[in-house]
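What you see is a predicted model; the values in this text were computed from it and never measured.
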Amino acid sequence: MTLLQGISWAVKAAVIASRLLAFIATQAQACEPGALGTSRVLKIATKDTVGIGHGYPALGLAHGEIILTFDDGPMPDTTPAILDTLAKDCIHATFFMIGKRADAHPEIAAKVRAAGHTIGSHSYTHRELNKLPGQEADDDIQHGYEAVEKAAFGDNADRPRLVRFPGFKATPELVAFVHAHHGTVVNTNLSPADWRGQPAAVTFERLRKLFDHMDRGIVILHDSQKETVKLLPMVIAEMKT
C-alpha cells in the first residue's frame, strides 16, 4: 500500500492560474463519478520564483499532493493517448515540450493546451545545454520558447514560462538566463525512469517504491514513450485503491 492511496494526487503547476482555474471548474462538471481529478492549481509567480523541485525551496505541498509532468513531446504516436487517459479522470498535468517536436506537430501542442494542461519548454533540440557555448545554449532555450509557444498558443508573445532543462543539466548562468526571461526552472524529485522504455509493469513497481518513501513532490514521465501510455492507467488505478 503506497502512501498516496486514496488521496487525490494531481496538483497542477500553473503559470496563468486564473484562466486555468476557470477551465478546470467548467471541466469538473463533466467528470464521471470516481474520477481522480485535479485537487488544486498551484500558482507559480515566475518573476519571484527561480526554480521548483529538487535543489530549490520546498513548494509547501500537502501530504499526498503530486505534480504530474510529462517531457519530450509532442509525439503523434503517444501524446494523444496520454491526453485521452488524463481526460477520463479529469487530471491536469504539465507538459514540457521539445521545440523541434512542437514545430513538427503543432496540432498536438494545441490539443494539449485546449485540454487545459499547463505547457512548459524543454529546449529546442534536447541537447545537454551545460555542454554548449554560452550563446548557443541561450539561443537553444530561446528558440525552444518560441517554437513551443507558437505551436501551442499561436504566437510567441512574451509571457511567464516554466522551463525544464534536458537531463536537468544546467549552469548558474543558464538558470539566470531563464529567470531573466520570465521563466521558472522545474526539476523533479520523483522519477521512475520511464525513459528507459522498459515494460510498464517494471517501471510501475519502481514508482511504487518511490511513493513508499515520498508522499509528495513532482513526478516526471515521458509522453514520448509507448510504455508510458500503458503505465499511466496503472498509476491512476493505484491512486484510486
Side-chain angles (χ1 to χ4, degrees), residues 2-5 7 9-13 36 38 42 44 49-75 78-79 81-82 85-86 91-98 101 112 117-123 126-131 144 162-171 174-175 178 184-239:
T2 71
L3 293 173
L4 300 186
Q5 285 184 325
I7 300 171
W9 78 306
V11 177
K12 185 180 174 189
L36 188 56
T38 296
L42 178 64
I44 302 298
T49 309
V50 175
I52 62 175
H54 180 73
Y56 293 100
L59 277 171
L61 298 178
H63 171 75
E65 288 188 328
I66 295 295
I67 298 170
L68 181 61
T69 69
F70 292 90
D71 283 13
D72 292 1
M75 294 291 285
T78 48
T79 303
I82 293 288
T85 298
L86 294 174
I91 296 171
H92 290 83
T94 302
F95 287 76
F96 291 93
M97 299 183 182
I98 297 174
R101 291 182 174 173
V112 173
H117 301 289
T118 299
I119 292 174
S121 176
H122 198 37
S123 83
H126 203 264
R127 292 178 291 175
E128 292 185 357
L129 301 181
N130 63 316
K131 296 181 179 179
L162 298 180
V163 178
R164 177 168 282 163
F165 287 103
F168 303 100
K169 302 295 180 62
T171 65
L174 290 174
V175 172
V178 167
T184 293
V185 175
V186 181
N187 286 342
T188 183
N189 47 17
L190 289 164
S191 174
D194 63 323
W195 52 266
R196 297 177 184 174
Q198 294 175 307
V202 173
T203 304
F204 176 63
E205 288 305 316
R206 196 155 49 233
L207 185 58
R208 287 187 65 182
K209 290 178 181 178
L210 290 172
F211 284 156
D212 284 340
H213 293 90
M214 299 185 69
D215 70 344
R216 69 200 73 187
I218 302 172
V219 172
I220 177 176
L221 298 175
H222 294 76
D223 60 308
S224 59
Q225 294 291 326
K226 291 183 178 180
E227 286 297 319
T228 300
V229 174
K230 303 174 187 177
L231 171 67
L232 185 58
M234 297 166 64
V235 175
I236 294 172
E238 175 72 7
M239 294 303 99

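The shortest heavy-atom contact between G53 and I218 is CA-CD1, 3.7 Å. Nearest heavy atoms, L86 versus L232: CD2-CD2, 3.8 Å. Taking each heavy atom of L61 and G217 in turn, the nearest pair found is CD1-N, 3.6 Å. Closest heavy-atom contact between G144 and S121: C-OG, 3.6 Å.
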For L59 and I44, run side chain to side chain contact (heavy atoms under 4.5 Å, CB included): C-alpha distance rounded to whole Å, both residues' side-chain angles, the deciding distance at 0.1 Å, then the answer.
CA-CA 10 Å; L59 277 171; I44 302 298; 4.3 Å; yes
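Between the CG atom in L129 and the OG1 atom in T171 there is a gap of 9.0 Å [rounded to 0.5 Å]. With rounding to the nearest 0.5 angstrom, the OG1 atom of T188 is 5.0 Å from the CZ atom of F168. Once rounded to the nearest 0.5 Å, the distance linking NE2 of H126 with OG of S224 reads 8.0 Å. Considering CG of L162 and OG1 of T184, their distance stands at 6.5 Å, rounded to 0.5 Å. Here CD1 of I91 is found 11.0 Å from CD1 of I82. Values are rounded to the nearest 0.5 Å.
Within the 3.5 Å criterion, the main-chain N or O of G73 finds no donor-acceptor partner in the side chain of T79.
Residues satisfying the ring-ring contact (aromatic ring centres under 6.0 Å, His included) criterion with F95, sequence neighbours excluded, are F70, H117. The side chain to side chain donor-acceptor pair (under 3.5 Å) test applied to T69 returns R164, not counting sequence neighbours. For V175, the side-chain contact (heavy atoms from CB on, under 4.5 Å) partners are V50, Y56, F165, A170, V185, not counting sequence neighbours. With sequence neighbours left out, E205 forms a salt bridge (charged side-chain N to carboxylate O under 4.0 Å, His left out) with R208.
Side chains of E65 and L42 form no contact here, defined as non-hydrogen atoms less than 4.5 Å apart. Between P74 and R101, the closest side-chain pair of non-hydrogen atoms falls below 4.5 Å.
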Hey, can you pull the donor-acceptor pairs under 3.5 Å for the side chains in residues 194-203, sequence neighbours left out?
| residue | atom | partner | partner atom | Å |
| --- | --- | --- | --- | --- |
| D194 | OD1 | H222 | ND1 | 2.7 |
| D194 | OD2 | H222 | N | 2.7 |
| D194 | OD2 | T228 | OG1 | 2.6 |
| Q198 | OE1 | R206 | NH1 | 3.0 |
| Q198 | OE1 | R206 | NH2 | 2.8 |

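Considering T118, V186, I119 in turn, T118 is the only one that fulfils the side-chain contact (heavy atoms from CB on, under 4.5 Å) rule with T94. Exactly one residue among N189, L210, I67, L68 makes a side-chain contact (heavy atoms from CB on, under 4.5 Å) with V219. That residue is L68.
Judged as a salt bridge (charged side-chain N to carboxylate O under 4.0 Å, His left out), the pairs with a partner in residues 217-228 (not counting sequence neighbours) are, in order, E227-K230.
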